[in-house]
2 protein chains.
Amino acid sequence: MCAEYATRPREQIAQILRSERRYLSAAEVFRALQRARARVSLSTVYRTLDRLRAKGEASSRIDEQGEATYVICTTSHHHHAICRVCGHVEEVACDPMERFTEALKAYHGFELDAHAMEFFGRCARCR
Amino acid sequence: MCAEYATRPREQIAQILRSERRYLSAAEVFRALQRARARVSLSTVYRTLDRLRAKGEASSRIDEQGEATYVICTTSHHHHAICRVCGHVEEVACDPMERFTEALKAYHGFELDAHAMEFFGRCARCR
DNA sequence: CATGGTTCTGCCAATGATTCGCAAATTATA
DNA sequence: TATAATTTGCGAATCATTGGCAGAACCATG
Ligand SMILES: [Zn+2]
Ligand SMILES: [Zn+2]
Ligand SMILES: [Zn+2]
Ligand SMILES: [Zn+2]
């Protein structure tokens with residue numbers, strides 16, 4: 001039990017996420033699938049996106065309208081810079097965080113075990 | 001037109017947010033109101049919380065279950081450290097960000113105009 | 001390439017937080 | 001108190017997301 005099948009729908013969904021390097025909602029992925037003549041149900045899109053996130057292959061965020069959106073990740077621990085113009089997502093390394101860790105412990109008595117960061121602005125192409 | 005009324009429900013809602021220094025959902029605020037024998041509808045709770053956020057007096061985040069939660073803010077630009085045990089929220093100043101700003105511009109060509117950060121761990125009392 | 005057990009998918013109904021519409025209540029002002 | 005503007009409460013509507021389940025797809029084995 002607990003095996004893992006490589007199926008057509010999953011490959012088609014991953015394909016779309018890989019080609020678009022920006023946060024996509026389930027509905028957007030679904031529309032892209034239809035445009036590509038791929039017959040995949042919305043349920044499967046939801047399930048597959050969540051599965052990718054659980055496996056750490058995708059990252060998710062809630063957009064301004066409260067919808068869950070997903071983007072493929074490559075490196076392990078990092079953060080995202082999101083272009084306000086084109087939506088392009090850049091993976092950002094996380095070096096200067098030790099400063100925060102120290103400051104939080106020294107000043108607030110707070111012991112850090114995780115953090116989340118998002119950056120917004122304009123990417124190189126959109127400037 | 002466009003005046004602003006100080007009403008009982010609004011004061012009661014703000015009261016609850018001020019006393020609990022952690023992220024509360026609309027439903028939690030509503031239950032707290034009932035416990036305090038305050039007769040305020042859930043709709044008003046939703047409207048008031050969103051209004052506080054719009055005025056910058058509260059900050060909101062989506063919790064693990066996808067629900068919107070709110071906490072009162074005092075200082076202007078800052079971030080939140082959230083205790084995993086008691087939910088206590090600590091406001092954290094934002095000094096080391098210039099490093100990220102520089103790195104993003106130099107390395108990724110990305111021009112920053114905003115960022116969001118969240119820290120998780122255990123507060124001083126819960127350690 | 002047939003079989004059989006497991007895993008996935010599609011369909012469609014249910015869920016549940018949030019929003020909307022509107023009449024009645026509240027607030028501010030005079 | 002009278003008046004106009006704003007807010008509230010209620011219930012219905014919205015809409016992304018989840019759940020249940022029967023059938024299809026997958027894959028190892030003989
Ligand atoms: Zn861009
Ligand atoms: Zn980091
Ligand atoms: Zn704590
Ligand atoms: Zn900051």
Less than 4.0 Å between a side-chain N and a carboxylate O, is that true for B:Glu11 and B:Arg18?
-> yes

Gap between atoms OH and C1', on B:Tyr5 and C:dT27 respectively (whole Å) = 5 Å

Please list, by residue number, the residues of residues 7-34 of chain B whose heavy atoms come closer than 4.0 Å to an atom of DNA chain D; answer none if no residue qualifies.
-> B:Thr7, B:Pro9, B:Arg10

Does CZ belonging to B:Arg127 count more than 12 external heavy atoms closer than 6.0 Å?
-> yes

Any residue of residues 35-66 of chain B with a heavy atom less than 4.0 Å from an atom of DNA chain C | B:Ser43, B:Tyr46, B:Arg47

Stepwise side chain to side chain donor-acceptor pair (under 3.5 Å) check, B:His115 with A:His79 = CA-CA 11 Å; B:His115 61 264; A:His79 303 285; over 6 Å; no

Please report the closest heavy-atom contact between A:Phe100 and B:Ala93, naming both atoms and the distance.
-> CE2-O, 3.9 Å

Any ion pair linking A:Arg10 and A:Glu4 (charged N to carboxylate O, less than 4.0 Å)?
-> no

Is there a donor-acceptor contact under 3.5 Å from the side chain of A:Glu91 to the main chain of A:Thr74?
-> yes

Using the six-membered ring of A:Tyr23, assess whether NZ or CZ of A:Arg61 lies under 6.0 Å from its centre and within 45 degrees of the ring axis.
-> yes

Going through the distances and angles, do B:His108 and A:Glu90 end up as a side chain to side chain donor-acceptor pair (under 3.5 Å)?
-> CA-CA 8 Å; B:His108 296 285; A:Glu90 191 99 12; 2.8 Å; yes

